[in-house]
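One structure below.
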Amino acid sequence: IALTQGCAIYLSKATFDLPEKQLNAVLWHEYGHIRLRHQRLKRFTSLMLQLAPWFVVSRGFSSEVARLCEIAADKYAMKRVYSKDLAAARSHFL
């Protein structure tokens, strides 16, 4: 699990147990979140959810944005690493 804040990437200790290619895939994925400014987008959806939690659409919107951010970060990473390495790294944490 990795958290991004600004331009920093915080990784769990388990991430460093991955083989080098998989660790590289995780880092590119997380860097994709930074480059694509997903934190800003997720903060906006979180605000919308807090302002209108009673609307089912708010929860759906927040969930869909999170899912699309993950897909976009994967696509960003796959420009630089093999999809097999990214999938193998993802399988350790899902």
Let me confirm one number: the CD-OH distance from E30 to Y10, rounded to the nearest 0.5 Å. 13.0 Å

If you take all heavy atoms of A77 and A25, which pair is closest and at what distance? CB-O, 4.1 Å

For the hydrophobic clusters of this structure (ILVMFWY residues joined by side-chain heavy atoms under 4.5 Å, transitively), does one cluster hold both F16 and L18? yes

Just so I know, are the side chains of I71 and D74 near enough to count as touching, which here means a heavy-atom distance under 4.5 Å? no

Inspect the contact between R67 and E64 and indicate whether a charged nitrogen and a carboxylate oxygen are less than 4.0 angstrom apart. yes

Would you compute the distance between atom CD of E20 and atom CG of D85 and round it to the nearest 0.5 angstrom? 10.5 Å

Looking only at atom types and distance, does a side-chain atom of S62 sit under 3.5 Å from a main-chain N or O of R59, one as donor and one as acceptor? no

Transitive ILVMFWY side-chain link M78 to L23, under 4.5 Å: no

Side-chain heavy atoms under 4.5 angstrom apart, residues restricted to Ile, Leu, Val, Met, Phe, Trp, Tyr: same cluster for I34 and V26? yes

Same cluster for V65 and F44 if Ile/Leu/Val/Met/Phe/Trp/Tyr side chains link at under 4.5 Å? yes

So do L11 and L27 actually touch side chain to side chain, heavy atoms under 4.5 Å? yes

Between S91 and A88 (side chain of the first, backbone of the second, donor and acceptor by atom type, cut-off under 3.5 Å), is there such a pair? yes

Are the side chains of F93 and T15 in touch, meaning some heavy atoms are under 4.5 Å apart? yes

Smallest heavy-atom separation, K42 atom then C69 atom, equals CE-CB, 3.9 Å

Give the ring-plane orientation class for Y31 versus Y76, where under 30° counts as parallel, over 60° as perpendicular and anything between as tilted. tilted

I'd like to know if the side chain of E70 pairs up with that of H38 as donor and acceptor (distance under 3.5 Å, no hydrogens or angles considered). no

R90 side chain reached by Q22 side chain, heavy atoms, under 4.5 Å: no

Give a yes or no on whether R35 atom CZ has more than 12 heavy-atom contacts from other residues, nucleotides or ligands under 6.0 Å away. no

